[in-house]
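Index from 1, following the sequence. Basis for what follows: all heavy atoms, side chains included, without hydrogens, waters or symmetry-related copies.
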Amino acid sequence: MSKKILIIDDDRELRDFLQQALAAAGFQVQTADRGAIGLRMLLTEEFHLALIDINMPEISGPNICRALRQHDSSHNIPVVMITATFHSPEQMVAAKNDYGADDFLLKPFTGEDLQNLLKRVFLQDKNLKDNISEVQPLFDYTIPQQLQQLYREKATGLLHLTKGAAKKIIYIKDGYPIFTRSNVLSECLGRMLVAEGVMTQVDCDQSVELSKESGRLQGTVLMEQGVLTPEDLQSALVRQVTDKLLSTFAWRSGTYQFVPAKEFKQHVTRIKLTPAALIMQGINRYWTPKQLDDFLYPFNDDYLKQASNPQYRFQDIKLGKRGEAIFKSCLGVKTLGQLLLHHPLARREMQKVFAALIVSEMLERTATPDPITTEDISGEAEVEIIDEKLRHKILNDYQRIMACDYFEALGLSRQFGPGEVRKSYYRLAKEYHPDRFLDSGLSREMSHKINEMFQYLTQAYTVLSDTDSCAGYLDELVNGPKKSIDINQVIEAETAYQQGRAFLKIQRFGAAAKSLQRAIELSPEESEYMTFFAWALFKSAPGKPAIQNQAVEVLLASREINPGFDLTHLYLAQIYQSLEKERQAEKSFEMAVQANPGCTEALRELRLINLRREKGPQSKGLFNKFMKKKD
C-alpha cells in the first residue's frame, strides 16, 4: 500500500506543485490550507508524513508539530517544515529539540531536493531499501553516471559491480569513492608493480611466498626486501585502489547494485580524487571514440554553460590547460557542435572533456542561448596538506563565518548593489567547496565544519538573492533577535586542546590529560583531541592496566574517525609494546608508516623488531636489506 502524505500550506501554488509531484511518485496525497484543519486531520486520520509550512494562519507550523508530539496516536508521524526563512544547522537542531521537527525543506527547492528529502525520511522503510539495493544491468555510461548520482545524493554505502567472474566493490562515503576491492588477479599490488616495471616477476613471486609464510602484508614485505621505500609503498597503494575503480569505465556489460550503509570499516588506503576527477580520468583512459560520439550526439544542438549551482560548478575535476580553456568557453551562447568545430584537430580531446563536464553536471544544457554572468573568482590558493597552520585557518574561518549574519558572511553591506551577492557568493563558494579539502587529511570533525561553512554560505545566498526573503531577513535582524550561534564551545575546546599539548611538551601528563579530556567533552568527534588525550592518559599512569586499556580504546576510536593520522597508529603501537602485544604493535607501526612514510619513530621501531627477529632461527633478515639500502 502506498504511503499517505498530508500537505499543510496556505500557498495554493505550492500545495498544487507538491501534490502533483508526490502523486506522480506514487504517494497518496491530501492537502489543507489552514493549520487548524490540518491538525484535526493528522489527529483523526493515519498519515505517514506531514509537510507543513512554518508560517501558517491560525496555528503555526511549530505549534502544529508540538501538538502532534503530545498525542500517542500522532507522536511518531514524521514532520517536515517548509520554510524560506534562514535556518542554520544550529537553528535546525534547536527546532528539532524545541518542537520535534524531523527535517526541513528550504525554499526555493527543486524536484530533486524533494526526492532526496523523501529518501531521508523513509530511509528505514524496507520497500525503499529494497528498491535502492536492486541489482541492475550495466551499460556504456553506467559507471560515471552512477558515481555522479551517489555524489549528488551524498550517499554512503557499497557499490557492487560484477562482470562475468570479475567482482569489485567501491566504498562510497558521503558521496566520495574512498576505496575499491577487486578479485581480478592482475590488479593485485605485485602484478601492478611488475606491469609498471617497478620490480621483476622474480621479486613479485618471492614477496608473495614470504607474505604467505609470515602472514604479513605484501607491501610490507616488499619494503623489507628493499624493493619499495615507505613513500613508494604509499603511492603504489593509492594508485592501486584508484586504478581498480577506473578500469570499470571499460565495462560495457554486467550488473551493479548499491547497498546503503551508515558506516563501514574505515582503515583503508583511500582514493584521493573527487568523483569528478575520477570521471575525467576514467573517460580519458577507457571511453572509445564510438562511446564519445554516441554519448554526445543527443546534445549537439544544445547550448552549454557553466553550472549555476556552485556545488557542481566548482568540483575539483583536475582539468589540463586545454580542458580549463574549454570549460571557460562554455558561456551559454554556443552549442556543443559549434564549440567542437572551433578545434577540429583536437576534437577527441575536447569530446572527452565535454563528456566528463556533462556527466559531472559542471555544465548545464539549454535549448536556447542563455548567457551566464561571469564572476571574478580568480586567485584561488592551493590547499596544503593538513597541518597546524591549515587547521587553525579552518577553525578561524569557521568561527568568523558562522558567527556572522548573512550580509557579513558574504562580505556585503546591507544596501548591496545589483549582482554583488552572486559575485561574492561564487568567490566564497569556490574557496570553501568541500572538494578542495579532499586530500588534506581532515578529521571527520574538521570536514563537518567545512561542509557547514559551505552550506551556510549557500543558505545566505539563497535568502539574499531573493528580494522578498532578503527583506524579511533584514527585518528580522533589525527588529527581532539576531541569530545567535554559540561559538564559545568551539573556542573553548581548541583552547583546552592547546593547553593539553603544551602540558605534554613539559611532561605534565596528568594536567595534559585533564585539559584534553575537556576538549573531547566539548568536541567529541575531533580525532586529534582523542589521540593526544589517550597518550597523556597512558603516560600519566604507567604500569596501570586499566588506564592502558582505556587509552587503547580511545586510540581505536580515534583511528576509526581518522585513519590517516600517523600519531594515532604510533601511540597505539607503543602502548601495545608496553602490554607485550608485539604482533599488534608491529601492525600498528606498519599502519603509521602507511599513513606517513616519513614517520621515523615507526620506521626505527620496525627496524628494531626485525633485528630481534633475526636472532631467532626462523628469521630471514629481510628488513635490514631495506634499512641498509636507505643508509
- prompt: Can any side-chain N or O of His433 pair as donor or acceptor with the backbone N or O of Gln311 at less than 3.5 Å?
  reply: yes
- request: Could you tell me the separation between the OG1 atom of Thr180 and the CG atom of Asp243, rounded to the nearest 0.5 Å?
  value: 9.5 Å
Closest heavy-atom pair and its distance - Glu231, Gly598: OE2-N, 4.3 Å
message: Can you give me the closest heavy-atom contact between Ile450 and Pro434, atom names plus distance?
response: CG2-CA, 4.0 Å
- request: Please identify each residue that fulfils side chain to side chain contact (heavy atoms under 4.5 Å, CB included) with Ala496, with sequence neighbours left out.
  value: Arg518, Ala519
message: With side-chain contact (heavy atoms from CB on, under 4.5 Å) as the criterion, how do Tyr461 and Leu457 come out once you've worked through the C-alpha distance, each side chain's angles and the decisive distance to 0.1 Å?
response: CA-CA 6 Å; Tyr461 170 70; Leu457 293 167; over 6 Å; no
message: What I'd like to find out is whether the side chain of Lys514 reaches to under 4.5 Å of the side chain of Gln517, using heavy atoms alone.
response: no
- prompt: Does any N or O in the side chain of Asp102 come within less than 3.5 Å of the main-chain N or O of Val80, such that one atom is a donor and the other an acceptor?
  reply: no
query: So, is the end of the Lys154 side chain (NZ or CZ) under 6.0 Å from the ring centre of Tyr151 and within 45° of the ring's axis?
result: yes
message: Less than 4.5 Å apart, side chain to side chain, heavy atoms only: is that true for Ile575 and Leu579?
response: yes
query: Looking just at side-chain N and O atoms, do Glu187 and Ser182 make a donor-acceptor pair shorter than 3.5 Å?
result: yes
task: Mind checking the CG-NZ spacing from Leu278 to Lys272? Nearest 0.5 Å is all I need.
output: 13.5 Å
task: Show your working on salt bridge (charged side-chain N to carboxylate O under 4.0 Å, His left out) between Glu586 and Arg583 and close with a plain yes or no.
output: CA-CA 5 Å; Glu586 185 177 9; Arg583 186 65 189 126; 3.1 Å; yes
query: So, the side chain of His569 versus the backbone of Arg559: is there a donor-acceptor pair under 3.5 Å, distance only?
result: no
- request: Sort and list the pairs that fulfil salt bridge (charged side-chain N to carboxylate O under 4.0 Å, His left out) and have at least one residue in residues 232-241, not counting sequence neighbours.
  value: Glu196-Arg239
task: Measure from the side-chain N and O atoms of Asp316 to the backbone N and O of Thr274, and report whether any donor-acceptor pair falls under 3.5 Å.
output: no
Spacing of Thr242 atom OG1 and Leu237 atom CG [to the nearest 0.5 Å]: 10.5 Å
- prompt: Do side-chain atoms of Thr156 reach the backbone of Asp174 as a donor and acceptor pair under 3.5 angstrom?
  reply: yes
query: Are side-chain heavy atoms of Leu147 and Pro177 found at a separation under 4.5 Å?
result: yes
- prompt: So Gln498 and Thr495, side-chain contact (heavy atoms from CB on, under 4.5 Å) or not? Walk me through it.
  reply: CA-CA 5 Å; Gln498 295 298 340; Thr495 301; 5.9 Å; no
- prompt: Donor-acceptor pair, Glu408 side chain versus Asp405 backbone, under 3.5 Å?
  reply: yes
task: Examine distances only and state if a side-chain atom of Thr568 and a backbone atom of Leu555 form a donor-acceptor pair shorter than 3.5 Å.
output: no
field: Closest heavy-atom pair and its distance - Ala409, Leu428
entry: O-CD1, 3.4 Å
Between Ser558 and Tyr529: side-chain donor-acceptor atoms closer than 3.5 Å: no
- prompt: Which heavy atom in Met223 sits nearest to a heavy atom in Pro230, and how many Å separate them?
  reply: SD-CG, 3.6 Å
field: Considering all heavy atoms, the nearest Pro597-Gln234 contact
entry: CG-CB, 3.8 Å
Results of side-chain hydrogen bond (donor to acceptor under 3.5 Å, both in side chains) for Gln574 - residues two or more places apart only: none
- prompt: In Å, rounded to the nearest 0.5 Å, how long is the span from CG of Asp435 to CG of Leu273?
  reply: 10.5 Å
task: Apply side chain to side chain contact (heavy atoms under 4.5 Å, CB included) to Asp397 and list each qualifying residue two or more places apart in sequence or on a separate chain.
output: Lys393, Arg400, Tyr432, Met453
field: Contact check, side chains of Glu361 and Gln148, non-hydrogen atoms, under 4.5 Å
entry: yes
field: Residues Tyr171 and Arg270: side-chain donor-acceptor under 3.5 angstrom
entry: no
task: Step through the shown structure and confirm whether more than 12 heavy atoms of other residues, nucleotides or ligands are within 6.0 Å of NZ on Lys544.
output: no
field: CA sep, side-chain torsions, deciding dist, call: Leu228, Leu193, side-chain contact (heavy atoms from CB on, under 4.5 Å)
entry: CA-CA 10 Å; Leu228 299 176; Leu193 294 174; 3.9 Å; yes
Please list every donor-acceptor pair under 3.5 Å in which a side-chain atom of residues 532-541 meets a protein atom from a residue at least two apart or in another chain.
from, atom 1, to, atom 2, distance (Å)
Ser540, OG, Ala536, O, 3.3
Ser540, OG, Leu537, O, 2.7

message: With side-chain contact (heavy atoms from CB on, under 4.5 Å) as the criterion, how do Leu150 and Ile170 come out once you've worked through the C-alpha distance, each side chain's angles and the decisive distance to 0.1 Å?
response: CA-CA 11 Å; Leu150 296 172; Ile170 302 173; over 6 Å; no
query: Which pair of non-hydrogen atoms, one from Phe407 and one from Ser413, has the smallest distance, and what is that distance?
result: CD2-O, 3.6 Å
- prompt: Is there side-chain contact between Ile271 and Val238, with heavy atoms separated by less than 4.5 Å?
  reply: no
message: Between Tyr99 and Met81, is there a side-chain heavy-atom distance shorter than 4.5 Å?
response: yes
Exam field: side chain Ser207 to backbone Val221, donor-acceptor pair closer than 3.5 Å: no
message: As an exercise, state the distance from CD1 of Ile178 to NZ of Lys173, rounded to the nearest 0.5 Å.
response: 7.5 Å
task: Kindly write out the residues that satisfy ring pair (Phe, Tyr, Trp, His ring centres under 6.0 Å) with Tyr576, not counting sequence neighbours, or none if the list is empty.
output: none
- prompt: Is there side-chain contact between Leu516 and Leu504, with heavy atoms separated by less than 4.5 Å?
  reply: yes
message: To the nearest 0.5 Å, what is the distance between CD on Glu153 and CZ on Phe258?
response: 8.0 Å
message: Quick one: does any side-chain atom of Gln315 pair with a main-chain N or O of Ser360 as donor and acceptor, under 3.5 Å?
response: yes
query: Hey, is the main chain of Lys168 close enough, under 3.5 Å, to the side chain of Lys244 for a donor-acceptor pair?
result: no
message: A side-chain contact here means heavy atoms from C-beta on lying under 4.5 Å apart; do Ser523 and Tyr497 qualify?
response: no
